[in-house]
Amino acid sequence: MSIDQIIGEREAQREMIGRIEMEYDINIIQMDADKQVVFEIQKEEVQSMLQLTSCIAAMRRIPSSVGAKRLPCMADIERVGLDCISAASTRTAYRRKGFMRRLMSGALEYQNQMRVPLCLVEAGNTAAAAEFFSHFGFHYIYDRPCYELNRAYISEEMLRRAAEGTCVPLNIPNVTLEMVTQKDMLSLAHFVNAKLCRNYGLFVIRSAAYYECFQQELQRDGGCLFQIMENGIRKGCFAWGGASGIREVIFAEDADRERYFGLRENKRPAVMARITNMSEMLGHISGNGKITIAIRIIDPVIAENDGLFRWYIDGNGSHMERVEQADQAQDSSIRPEVTTTIGEFTAFIFEYIQLKRNVKFDSIYLSGPIWINERYS
């Protein structure tokens, strides 16, 4: 890309931001070094803000079961940029006055214009949070497992000793519990990415820098990032959050994970998402043969996503074309095979819910399931 093209893109981006600021009467501050964008309203005593943090995720287009004679690997994924709502607040006295609606609408339009396919938010499992974000087209797409240590193999005393730098032997020959050190983080990232890409259609890509930040965060809270080794070979890793308990568990073999950890309770809904740029998202969805589906999508914020569409899918990807009212009036055969909200459509894309069971829908290669732990940004 030439310098003139770069300058042109930056100028177009500044103009786009200016239009959104004017339309929603908000301020947009880009902090490229921190991969964050802040949307705020600062007028007199009103203080309201929303912060987006970008991350790089892996998205798999074709599931491993389609003609594969090997396990999926990182060569089978595409790297995509996603945004996460990492903070949102309004001063108590000014809540329920439409300030957060302006910020949220402006932030979603910003992502649409920036061609970001998906926005995530950590919503927990509270009804109030789910209701709030659902107003803006979000839907749960990920249930988080809650693990507990099997103390027959690993005690909290062992965790404390390992966190001090001791290589702690377990009651299995040649197996040890160790703290993850800086020299381990690159190989740990490769290990985790290789495991996740075999089982999930979307996950945040790990790196040495990711784990360095994660380790620092855990240690500030009295926890630590650990790995279990057998004869010098990594069997798995887990994050201990101190008082907050186990935050992440990833093992090469499920049997090893089940040996050292049990599920404390059923999975709990944790992360919501919504598609922000439809064409970018649909490029990652393909199908078994050529498929055409008439679909009605309801989007309360992004007008481009709202309407009746023909959804064209083949082995290389998919796209949608809007059905205009005149076309629908002239052709009575154009009836939506399914009507759905943008949130439900997002949840369908990641295999969280089903929209319809028939040959067409069963022939779509979706991008789920997903893996998102408590630190996804």
Side-chain angles (χ1 to χ4, degrees), residues 24 26 36-41 46-55 57 82-112 116-147 202-204 217 221 239 241 243-248 263-276 281 298-302 305 340-353 368-377:
Y24 296 99
I26 61 178
Q36 294 176 345
V37 183
V38 175
F39 302 79
E40 64 178 16
I41 297 174
V46 178
Q47 293 184 359
S48 187
M49 65 82 67
L50 182 148
Q51 178 176 288
L52 294 177
T53 300
S54 63
C55 64
L82 308 181
D83 280 344
C84 313
I85 298 176
S86 49
S89 65
T90 300
R91 287 182 61 182
T92 304
Y94 296 94
R95 293 175 183 172
R96 300 184 182 278
K97 297 183 183 296
F99 297 115
M100 187 53 67
R101 173 169 289 278
R102 282 159 53 189
L103 292 176
M104 187 73 76
S105 299
L108 292 174
E109 181 58 30
Y110 170 87
Q111 292 171 86
N112 180 35
V116 176
L118 193 72
C119 182
L120 307 172
V121 62
E122 179 80 23
N125 59 350
T126 63
E131 181 180 7
F132 173 79
F133 287 110
S134 66
H135 286 316
F136 300 96
F138 286 81
H139 194 288
Y140 280 116
I141 63 167
Y142 175 70
D143 295 345
R144 178 172 292 123
C146 302
Y147 290 106
L202 175 72
F203 60 91
V204 176
E217 177 187 316
D221 296 335
S244 63
I246 304 300
R247 289 179 51 178
E248 174 177 295
L263 283 172
R264 188 172 69 243
E265 57 187 63
N266 292 331
K267 292 182 177 182
R268 50 188 171 89
V271 176
M272 301 180 78
R274 59 154 291 152
I275 293 170
T276 44
M281 185 69 239
I298 301 166
D299 191 326
V301 182
I302 300 176
N305 298 339
T340 182
T341 65
I342 189 67
E344 291 168 341
F345 184 70
T346 304
F348 163 71
I349 291 297
F350 293 105
E351 298 184 11
Y352 192 84
I353 65 171
I370 71 168
W371 170 280
I372 302 174
N373 71 354
E374 291 188 42
R375 187 187 188 280
Y376 61 85
S377 62

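Note that the structure is predicted; figures quoted are calculated from it, not measured.
What you find for C119 and F138 is that their closest heavy atoms are O-CE2, 3.6 Å. Shown here for P300 and G137, the closest heavy-atom pair between the two residues is CG-N, 4.0 Å. Closest approach of V121 to F133, counting heavy atoms only: CG2-CZ, 3.4 Å. Minimum heavy-atom separation, I141 to L120: CD1-CD2, 4.0 Å. The heavy-atom pair separating F350 from I370 by the smallest distance is CD2-CG2, 3.3 Å. Contact between A129 and A123 at its shortest, heavy atoms only, is CB-O, 3.4 Å.
Side-chain contact between R274 and D299 is present, with heavy atoms from C-beta onward closer than 4.5 Å. R144 places a side-chain heavy atom less than 4.5 Å from the side chain of V271. Residues V116 and Y110 fail the side-chain proximity criterion, which asks for heavy atoms closer than 4.5 Å. Side chains of M104 and I85 form a contact here, defined as non-hydrogen atoms less than 4.5 Å apart. Residues K97 and T90 fail the side-chain proximity criterion, which asks for heavy atoms closer than 4.5 Å. Residues L202 and L118 meet the side-chain proximity criterion, which asks for heavy atoms closer than 4.5 Å.
Not one N or O on the side chain of Y24 forms a donor-acceptor pair closer than 3.5 Å with the backbone of G106. R102 places no side-chain N or O within 3.5 Å of a backbone atom of I26 that could act as its donor or acceptor partner. The main-chain N or O of I275 is found under 3.5 Å from a side-chain atom of T346 such that the two form a donor-acceptor pair.
Here CD of Q36 is found 4.0 Å from CD of Q51. Values are rounded to the nearest 0.5 Å. Between Y140 atom OH and S134 atom OG the span is 9.5 Å, to the nearest 0.5 Å. Between the CD1 atom of I41 and the CD atom of Q47 there is a distance of 11.5 Å, given to the nearest 0.5 Å. Rounding to the nearest 0.5 Å places CG of L52 at 8.5 Å from SG of C84. Atom CZ of residue R264 and atom OH of residue Y147 lie 11.5 Å apart, to the nearest 0.5 angstrom. The distance from the CD1 atom of I342 to the OG1 atom of T276 is 9.0 Å, given to the nearest 0.5 Å.
Each of E40, M100, R101 was scored for a side-chain contact (heavy atoms from CB on, under 4.5 Å) with S48, with one residue passing: M100.
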